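Just below is one structure, and these are the notes that go with it.
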Number of protein chains: 2
Amino acid sequence: MSFNSSSPSVGRAAKPKRVGGLSLWRQIREQLKADILAGTFAPGEMLPTEQTFAARFSVNRHTVRRAIASLTADGLVAARQGHGTYVPEAVLDYAVSKRTRFSEAVSAQSRVPKASMIVADAFPSTATIAKALGIRRGVKVVRIRTLGEADGRPLSLADHHFVASHFPGLAQVYADTGSISAALATYGVTDFSRKSTDVTARLPSREEADLLTQPASRPVLVAQSINVTADGTPLEYGRTLFAGDRVQMVFET
Amino acid sequence: MSFNSSSPSVGRAAKPKRVGGLSLWRQIREQLKADILAGTFAPGEMLPTEQTFAARFSVNRHTVRRAIASLTADGLVAARQGHGTYVPEAVLDYAVSKRTRFSEAVSAQSRVPKASMIVADAFPSTATIAKALGIRRGVKVVRIRTLGEADGRPLSLADHHFVASHFPGLAQVYADTGSISAALATYGVTDFSRKSTDVTARLPSREEADLLTQPASRPVLVAQSINVTADGTPLEYGRTLFAGDRVQMVFET
DNA sequence: TTCCATTTGTTCGTATGTATA
DNA sequence: CTATACATACGAACAAATGGA
């Protein structure tokens with residue numbers, strides 16, 4: 001008998017041999033692939049261990065490994081030494097262009113966006129922020145920290161910095177409108193675009209990892225961007241953290 | 001007496017008090033900043049421990065911490081819990097545009113570029129590669145893996161994939177010419193441009209970390225790009241790993 | 001910090017089945 | 001038919017990495 005029955009690969013199969021010209025590991029691969037595509041093993045979920053599969057299929061662990069290796073090559077599963085094998089979550093392609101806003105970038109991927117404010121405060125600008133905004137260091141800036149979600153899953157943690165004196169009461173206005181774009185519009189700023197974006201990678205702090213609901217051992221993408229008004233004046237300096245294994249930034253050049 | 005004498009903060013200073021209206025921690029901060037800018041503490045080098053500084057300046061460790069915290073806010077130093085404090089290495093801004101080549105991007109930052117081939121081989125295309133190159137899975141592709149350096153320091157680890165049948169003997173030609181662009185030119189391909197770039201972050205494998213001479217615990221940027229010919233035909237699928245803490249990708253939008 | 005259990009990754013050796021000359 | 005080469009499968013042991021105690 002072969003493995004590709006209609007039932008998923010749970011429970012115990014009878015001791016098999018080569019059947020139908022298909023080697024054991026190929027049969028196992030097809031069975032697992034079917035289960036993954038059918039959603040028996042959901043994205044982000046851990047698969048049973050190699051040992052478990054070996055027992056379940058009544059084969060040697062090597063045979064299971066060979067099947068899994070094949071699936072890995074096709075990107076259907078990913079293994080982490082010392083941890084386990086899992087079905088990779090669908091990566092969200094976050095398109096970056098002159099005009100993209102968070103909600104649009106997420107909607108374009110047929111996901112439901114949501115941005116919520118975590119905190120808003122004001123403080124003297126650091127050297128980095130001052131340089132980006134074209135002000136002197138120490139000039140007060142407003143920071144709005146937002147958590148961006150797609151389908152209810154945290155995606156990004158963004159700090160938006162504005163010159164405080166240009167936007168009095170910005171935090172409150174944002175809280176009322178629920179959107180950076182809308183908040184800026186109440187100040188008469190409607191036309192702005194992304195000037196440049198720098199991308200680096202690092203490990204998140206514990207707090208950042210918690211907010212993004214990801215392990216602190218997985219890296220985050222750090223995108224620093226400068227938004228300018230129509231006449232080129234720096235308007236906003238943003239620093240956004242993306243969950244590294246859930247987001248892929250896409251730059252069309 | 002204050003700390004900002006002309007000598008760097010080595011050796012033992014006399015017990016100080018508030019002088020010249022500057023608090024102790026500000027004096028220490030200025031002294032350390034001067035040392036960093038003067039190169040006493042070179043980029044990438046470890047600073048002495050907080051305890052050492054505390055003894056050296058005859059102050060409490062908290063005072064040193066306050067000074068270091070200030071420097072951290074300005075990005076002059078970075079502290080890693082359980083490890084130490086160090087001067088961050090200068091980050092190379094790797095500009096990505098339609099036409100950028102590795103050597104140009106590095107040269108633009110006044111650094112000396114160097115690209116060397118690590119290995120070249122051929123194998124049946126995986127699903128990802130096939131999709132990017134617009135071929136059927138299993139069609140043979142040539143892979144050229146190169147290590148990119150700036151000022152002799154490894155920066156990037158790039159896998160370049162081409163359809164094997166389109167460029168017979170490519171690996172040898174590359175070895176002879178020492179450049180992807182030059183190698184392609186011998187096949188009559190002179191006009192190609194970057195169509196898109198996807199950026200993600202992950203932790204490197206042990207081998208990748210070794211090649212980049214970075215710890216396996218520091219993330220890498222993974223840039224996947226598709227280069228197309230003038231008529232839009234996929235020419236190359238490239239996957240480049242950048243040392244996350246030495247490179248910042250810059251996208252002008 | 002160290003220790004420990006769990007899990008994947010690697011490398012031996014051995015045996016058997018399959019295709020082909 | 002045998003001989004050979006190759007793919008498949010099993011077993012054992014150990015290495016490396018992770019996460020939690």
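Naming convention: chains lettered A, B, ... in sequence-line order (proteins, then strands); numbering from 1 in each chain. All values derive from a computational prediction rather than experimental measurement.
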Decide side-chain contact (heavy atoms from CB on, under 4.5 Å) for F102(B) and E149(B); before the verdict, give the C-alpha distance in whole Å, the side-chain angles of both, and the deciding distance to 0.1 Å. CA-CA 9 Å; F102(B) 174 79; E149(B) 294 169 285; 5.8 Å; no
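Rounded to whole angstrom, the span from the CG atom of L22(A) across to the P atom of dT18(C) amounts to 13 Å. Atom C1' of nucleotide dA16(D) and atom CD of E50(A) are separated by 14 Å, given to the nearest angstrom. Here dT7(C) presents its P atom at 13 Å from CD1 of I68(A), a figure rounded to the nearest Å. Atom CZ in R29(A) sits about 14 Å away from atom C1' in dT8(D), given to the nearest Å. Between the CZ atom of F53(A) and the P atom of dG9(C) there is a distance of 14 Å, rounded to whole Å. Atom CD in Q51(A) sits about 12 Å away from atom C1' in dA12(D), given to the nearest Å. Rounded to an integer number of Å, the gap from CD of Q27(A) to C1' of dA9(D) is 13 Å.
Among residues two or more places apart in sequence or in another chain, the salt bridge (Lys or Arg N to Asp or Glu O under 4.0 Å) test is passed with D210(A) by R206(A).
A salt bridge is defined here as a Lys NZ or Arg NE, NH1 or NH2 lying under 4.0 Å from an Asp or Glu carboxylate O, and R202(A) with E208(A) meets this definition.
Residue R66(A) places no side-chain N or O under 4.0 Å from the OP1 or OP2 atom of dA7(D). Within the structure, every side-chain polar atom (N or O) of N60(A) is placed at least 4.0 Å from both OP1 and OP2 of dA9(D). Close to dC10(D), at under 4.0 Å from its OP1 or OP2, lies a side-chain N or O of T63(A).
Residues T240(B) and S156(B) approach most closely at CG2-CB, 3.8 Å, considering heavy atoms. Nearest heavy atom pair, residue A223(B) against residue M249(B), reads CB-CE, 3.8 Å.
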Table please: side-chain donor-acceptor pairs of residues 59-66 of chain A below 3.5 Å, with sequence neighbours left out.
unit_1, atom_1, unit_2, atom_2, d
N60(A), OD1, H62(A), N, 2.8
R61(A), NE, E50(A), OE1, 2.6
R61(A), NH2, E50(A), OE1, 3.0
R65(A), NH1, E50(A), OE1, 3.4
R65(A), NH1, E50(A), OE2, 2.8

Cut-off 3.5 Å, no hydrogens considered: what does the side-chain donor-acceptor table look like for residues 80-95 of chain A, sequence neighbours left out?
unit_1, atom_1, unit_2, atom_2, d
E89(A), OE1, R153(A), NE, 3.0
E89(A), OE2, R153(A), NH2, 3.2
D93(A), OD1, Q248(A), NE2, 2.9

Between the protein and nucleotides 10-16 of chain C, which nitrogen or oxygen pairs are less than 3.5 angstrom apart?
unit_1, atom_1, unit_2, atom_2, d
dT11(C), O4, H62(A), NE2, 3.2

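Partner S70(A) forms a side chain to side chain donor-acceptor pair (under 3.5 Å) with one of R26(A), R29(A), E30(A) and no other, that one being R29(A).
Applying the side chain to side chain donor-acceptor pair (under 3.5 Å) test to every pair with at least one member in residues 134-146 of chain B, sequence neighbours left out, gives these pairs: D74(A)-R137(B), D121(B)-R143(B), R145(B)-D159(B), T146(B)-H160(B).
If you check residues 80-89 of chain A against DNA chain C, the residues with a heavy atom closer than 4.0 Å are R80(A), Q81(A), G82(A), H83(A), G84(A), T85(A), listed by number.
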